[in-house]
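I have placed the structure first, in the form of structure tokens, so that the comments after it can refer back to it.
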Amino acid sequence: MSDKYVINGVEITYDTFDIDNMDRWDTEIKHVSDDTKMSIPGETPLQRLRRICNTILDFFDAVCGDGTAHQIFGDHVNVKDIYTSYNDFVSQVTRTSKQFASEMAAMHGTNSAGNRAQRRAIEFGKK
């Protein structure tokens, strides 16, 4: 089942929990992160912004399908729109994923606390 996300005012359908999408998501998020941190000798600040914007546009195409970046942004490369849209989309998908993880934990009666001491502290606080 696909989820609907609004990116830069455009509704996009993205299957957040498709295993191939999840794999592609992890790969592309890392690629954007690595590219953002990369420093290229002699690159001007404007060139760097353009490179990062292109990486983010490529992210949308890789994650949501070819042509998605053009669908969202048209022919414009507006730095603010691209950065804001990327951060919003990542936040929305992350929120959806965390909500599902919480639902699964509740359904299976598991506690998200990682170790016995944390679980006991939580249980102690309930009494």
Side-chain angles (χ1 to χ4, degrees):
M1 181 162 106
S2 294
D3 299 296
K4 305 255 187 228
Y5 296 97
V6 177
I7 308 167
N8 198 33
V10 177
E11 187 175 87
I12 297 296
T13 301
Y14 174 69
D15 191 349
T16 308
F17 301 103
D18 176 86
I19 196 72
D20 292 329
N21 285 353
M22 294 169 82
D23 185 43
R24 200 169 10 265
W25 176 270
D26 286 345
T27 300
E28 294 303 321
I29 287 285
K30 183 175 181 342
H31 183 243
V32 171
S33 177
D34 291 347
D35 195 58
T36 302
K37 295 173 189 171
M38 183 178 13
S39 177
I40 298 175
E43 185 178 49
T44 67
L46 186 57
Q47 289 170 328
R48 183 173 189 270
L49 279 175
R50 183 176 300 278
R51 176 177 49 80
I52 293 169
C53 283
N54 286 328
T55 299
I56 293 171
L57 294 174
D58 291 344
F59 164 86
F60 281 111
D61 284 342
V63 168
C64 300
D66 288 337
T68 302
H70 189 267
Q71 180 183 353
I72 296 169
F73 302 106
D75 294 325
H76 303 285
V77 180
N78 181 297
V79 174
K80 183 179 177 187
D81 288 346
I82 291 170
Y83 267 83
T84 301
S85 296
Y86 173 76
N87 287 325
D88 288 349
F89 182 55
V90 169
S91 294
Q92 289 178 58
V93 171
T94 301
R95 188 171 35 255
T96 299
S97 297
K98 285 182 179 179
Q99 180 181 352
F100 177 71
S102 293
E103 290 169 6
M104 291 300 293
M107 187 167 65
H108 293 289
T110 59
N111 193 325
S112 60
N115 65 41
R116 193 167 102 192
Q118 290 171 324
R119 288 190 301 274
R120 283 187 177 168
I122 290 169
E123 288 299 316
F124 178 74
K126 288 182 182 177
K127 296 180 182 179

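Starting from 1, each residue takes its place in the sequence as its number.
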Worksheet entry | salt bridge (charged side-chain N to carboxylate O under 4.0 Å, His left out) partners of Lys30, counting only residues at least two apart | Asp34
Practice prompt. Under the salt bridge (charged side-chain N to carboxylate O under 4.0 Å, His left out) rule, collect the residues that match up with Asp18, sequence neighbours excluded.
Written response: none
Worksheet item: Is there a chain of hydrophobic side chains (I, L, V, M, F, W, Y, each step under 4.5 Å between heavy atoms) that links Tyr83 to Ile29?
Response: yes
For [X] and [Y], which heavy atoms make the closest approach, and how far apart are they?
X: Ala62; Y: Glu28; value: CB-CD, 3.6 Å
X: Met38; Y: Arg48; value: O-NE, 3.9 Å
X: Ala69; Y: Asp61; value: N-OD1, 2.9 Å

Item to complete: Report yes if the side chains of Val63 and Asn21 come closer than 4.5 Å at any heavy-atom pair, otherwise no.
Response: no
Discussion item. Is the shortest side-chain heavy-atom distance between Phe100 and Thr16 below 4.5 Å?
Written reply: no
Discussion item. I need the full list of ring-ring contact (aromatic ring centres under 6.0 Å, His included) pairs touching residues 29-50, with sequence neighbours left out, sorted by first then second residue.
Written reply: none
Worksheet item: Please, which pairs that meet ring-ring contact (aromatic ring centres under 6.0 Å, His included) have at least one residue in residues 46-67, sequence neighbours excluded?
Response: Trp25-Phe59, Phe59-Tyr86, Phe60-Phe73, Phe60-Phe89
Hey, could you give me the [atom1]/[atom2] distance between [X] and [Y], rounded to the nearest 0.5 Å?
X: Asn87; Y: Thr94; atom1: CG; atom2: OG1; result: 10.5 Å
X: Asp15; Y: Cys64; atom1: CG; atom2: SG; result: 11.0 Å
X: Asp35; Y: Asn54; atom1: CG; atom2: CG; result: 9.5 Å
X: Lys98; Y: Ser91; atom1: NZ; atom2: OG; result: 9.5 Å

Worksheet item: Looking at residues at least two apart in the chain, or sitting in another chain, which of them share a side-chain contact (heavy atoms from CB on, under 4.5 Å) with Ile19?
Response: Met22
Worksheet item: Any donor and acceptor pair, going by atom type alone, linking the side chain of Gln71 with main-chain N or O of Thr68 inside 3.5 Å?
Response: no
Item to complete: Start with the C-alpha gap between Arg24 and Thr27, add the side-chain angles, then the distance that decides, and say whether side chain to side chain contact (heavy atoms under 4.5 Å, CB included) holds.
Response: CA-CA 5 Å; Arg24 200 169 10 265; Thr27 300; 5.7 Å; no
Discussion item. Among Thr84, Val79, Asn78, exactly one meets side chain to side chain contact (heavy atoms under 4.5 Å, CB included) together with Asp81. Which residue is that?
Written reply: Asn78
Side-chain polar contacts of residues 6-13 - donor-acceptor pairs under 3.5 angstrom, sequence neighbours left out - could you list them?
unit_1, atom_1, unit_2, atom_2, d
Asn8, ND2, Ile72, O, 3.2
Thr13, OG1, Lys4, NZ, 3.2

